[in-house]
A.B. asks: 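My questions all concern the structure below.
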Amino acid sequence: MAQSSIETLFEGAIKFKEENFLAYKELFENLKEGQNPHTLFVGCADSRVVPNLITNTLPGELFVVRNIANIVPPYRKAEEYLATTSAIEYALEELQVENIIICGHSHCGGCAALYEEDHFTKMPNVQNWLKLIEPVKKQVLALNPQNKAMRAYLTEQINIEKQIMNLFTYPNVKEKYLARTLHIYGWHYIIESGEVYSYDFKKHEFNLLKG
């Protein structure tokens with residue numbers, strides 16, 4: 001009988017405690033006193049995007065916020081529960097992070113769904129969430145992409161730009177950015193190649209990160 005996925009996870013947890021954990025035992029001992037991450041990483045919830053793996057960082061370095069299509073909702077105060085907004089607010093005000101990375105990725109299902117209106121009819125909350133990036137769709141279509149691959153590429157990158165703009169609606173972000181006490185980056189991660197393209201604020205384009 002084939003091993004189930006949950007059994008694999010249980011075995012992984014045991015292996016982590018018995019083997020991998022020991023390599024970082026001192027680090028975890030120090031982390032029990034609290035966290036002091038240098039970077040807020042806002043990424044997609046896609047299972048193929050692994051923030052610590054992509055950035056080669058250790059536990060305690062990244063404060064990670066993930067959701068469908070790596071969206072940063074415009075800042076607002078509300079009576080309902082705003083998970084992403086409150087997490088970003090916490091990173092900025094409580095943790096005082098030095099950097100923010102908005103990381104989109106290739107083959108993003110959330111971005112692709114903008115062009116498949118009937119895809120999420122049984123998922124009303126997902127459908128409503130993606131309304132936040134409807135302006136991205138309009139901007140992409142105005143560029144008249146020649147094929148679906150180009151449309152997807154443009155959607156993913158323009159979406160990253162849009163979320164960077166939304167970051168500036170959060171309290172004190174613009175002031176900190178101009179004072180260079182807060183650094184903001186937009187990344188486009190390519191799943192099949194491992195390449196990361198970083199947004200150039202001056203040229204409004206993405207350039208490949210190279211060693």
Side-chain angles (χ1 to χ4, degrees), residues 1-73 80-113 119-120 122-127 129-130 156 159-160 163 183 185-198 208-211:
M1 185 176 178
Q3 186 178 41
S4 70
S5 57
I6 191 63
E7 287 174 338
T8 302
L9 295 181
F10 280 128
E11 287 184 4
I14 294 168
K15 182 178 179 181
F16 167 72
K17 176 61 176 68
E18 293 179 347
E19 298 178 21
N20 307 89
F21 175 81
L22 296 177
Y24 301 103
K25 186 175 181 180
E26 185 177 349
L27 173 62
F28 283 111
E29 184 68 25
N30 292 331
L31 287 174
K32 74 178 183 181
E33 303 298 335
Q35 61 172 323
N36 185 31
H38 50 70
T39 299
L40 165 63
F41 186 103
V42 181
C44 186
D46 194 298
S47 61
R48 299 167 294 178
V49 179
V50 187
N52 288 94
L53 194 60
I54 295 169
T55 58
N56 193 32
T57 48
L58 294 171
E61 292 191 73
L62 300 182
F63 187 76
V64 179
V65 178
R66 301 180 68 173
N67 59 50
I68 295 172
N70 45 271
I71 293 173
V72 175
E80 71 264 34
Y81 308 107
L82 307 179
T84 297
T85 301
S86 61
I88 295 172
E89 184 180 66
Y90 185 83
L92 288 165
E93 300 301 326
E94 179 67 20
L95 300 176
Q96 296 285 315
V97 292
E98 303 168 12
N99 313 293
I100 301 177
I101 295 173
I102 308 293
C103 185
H105 66 95
S106 63
H107 312 290
C108 180
C111 287
H119 188 75
F120 289 126
K122 295 182 179 180
M123 292 174 271
N125 290 301
V126 175
Q127 205 168 42
W129 176 252
L130 291 176
E156 290 154 7
N159 180 45
I160 295 165
Q163 306 321 313
H183 308 283
Y185 306 90
W187 283 7
H188 189 207
Y189 167 62
I190 311 302
I191 290 172
E192 64 270 34
S193 68
E195 295 173 318
V196 174
Y197 290 80
S198 186
L208 178 63
L209 290 180
K210 298 178 181 180

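Computed over heavy atoms, backbone and side chain alike; hydrogens, waters and symmetry mates excluded.
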A.B. asks: Decide yes or no for H107 and R48: does some side-chain heavy atom of the first lie under 4.5 Å from some side-chain heavy atom of the second?
C.D. replies: yes
A.B. asks: Is any side-chain heavy atom of S198 closer than 4.5 Å to a side-chain heavy atom of L209?
C.D. replies: yes
A.B. asks: Check step by step if side chain to side chain contact (heavy atoms under 4.5 Å, CB included) holds for L27 and L58.
C.D. replies: CA-CA 9 Å; L27 173 62; L58 294 171; 4.0 Å; yes
A.B. asks: Donor-acceptor pair, T57 side chain versus L53 backbone, under 3.5 Å?
C.D. replies: no
A.B. asks: Looking only at atom types and distance, does a side-chain atom of R66 sit under 3.5 Å from a main-chain N or O of G43, one as donor and one as acceptor?
C.D. replies: no
A.B. asks: Which distance, rounded to the nearest 0.5 Å, do you find between the CZ of F10 and the OG of S5?
C.D. replies: 10.5 Å
A.B. asks: Would you say H38 and E61 are linked by a side-chain donor-acceptor pair, where the criterion is simply a distance under 3.5 Å?
C.D. replies: yes
A.B. asks: Side chains of N36 and L95, heavy atoms from C-beta outward: is any pair under 4.5 Å?
C.D. replies: no
A.B. asks: Using the side chain to side chain contact (heavy atoms under 4.5 Å, CB included) definition, which of the options I71, T84, T85 pairs with V65?
C.D. replies: T84
A.B. asks: Going from CD1 on I54 to CD1 on I191, what distance comes out if it is rounded to the nearest 0.5 angstrom?
C.D. replies: 8.5 Å
A.B. asks: Please test E94 against E89 for side chain to side chain contact (heavy atoms under 4.5 Å, CB included), starting from the C-alpha separation and ending with a verdict.
C.D. replies: CA-CA 8 Å; E94 179 67 20; E89 184 180 66; over 6 Å; no
A.B. asks: With a cut-off of 6.0 Å (strictly less than), are more than 12 heavy atoms of other residues, nucleotides or ligands near CG of N56?
C.D. replies: no
A.B. asks: Quick check against the 3.5 Å criterion: does Q163 have a side-chain atom that pairs as donor or acceptor with the backbone of I160?
C.D. replies: no
A.B. asks: If you look at every heavy atom in I102 and N70, which pair is closest and at what distance?
C.D. replies: CG2-O, 4.2 Å
A.B. asks: Restricting to non-hydrogen atoms, name the atom on E192 and the atom on S106 that form the minimum distance, rounded to 0.1 Å.
C.D. replies: OE1-OG, 3.4 Å
A.B. asks: Is Y197 close to E195 at the side-chain level, that is, under 4.5 Å between some pair of heavy atoms?
C.D. replies: yes
A.B. asks: Are the ring centres of F41 and F63 closer than 6.0 Å?
C.D. replies: no
A.B. asks: For the residue pair H188 and E156, confirm or rule out a side-chain donor-acceptor distance under 3.5 Å.
C.D. replies: yes
A.B. asks: When rounded to the nearest 0.5 angstrom, what is the spacing between CD1 in I88 and CG in L40?
C.D. replies: 6.0 Å
A.B. asks: With a 4.5 Å limit on heavy-atom distance, are the side chains of V42 and C103 in contact?
C.D. replies: no
A.B. asks: Please tell me if the side chains of W129 and P124 come closer than 4.5 Å, counting only heavy atoms from C-beta onward.
C.D. replies: no
A.B. asks: Quick check: closest heavy atoms across C44 and A69, and the distance to 0.1 Å?
C.D. replies: SG-N, 3.5 Å
A.B. asks: Please report the closest heavy-atom contact between N159 and C111, naming both atoms and the distance.
C.D. replies: ND2-SG, 3.9 Å
A.B. asks: Does one side chain, of N30 or E26, offer a donor that lies under 3.5 Å from an acceptor on the other?
C.D. replies: no
A.B. asks: Could you report the tightest heavy-atom contact between Q96 and E93, atom names first, then the distance?
C.D. replies: NE2-O, 3.0 Å
A.B. asks: If you take all heavy atoms of T55 and P51, which pair is closest and at what distance?
C.D. replies: OG1-O, 2.7 Å
A.B. asks: Kindly indicate whether the side chain of F120, heavy atoms from C-beta on, has any atom under 4.5 Å from the side chain of I68.
C.D. replies: no
A.B. asks: From N20 CG over to K25 NZ, what is the distance, rounded to the nearest 0.5 angstrom?
C.D. replies: 14.5 Å
A.B. asks: Just so I know, are the side chains of I190 and V196 near enough to count as touching, which here means a heavy-atom distance under 4.5 Å?
C.D. replies: no
A.B. asks: Test your reading of the model: is there a side-chain donor-acceptor pair from Q35 to the backbone of L31, 3.5 Å cut-off?
C.D. replies: no
A.B. asks: Would you call the rings of F28 and Y24 parallel, tilted or perpendicular, taking 30° and 60° as the class edges?
C.D. replies: perpendicular
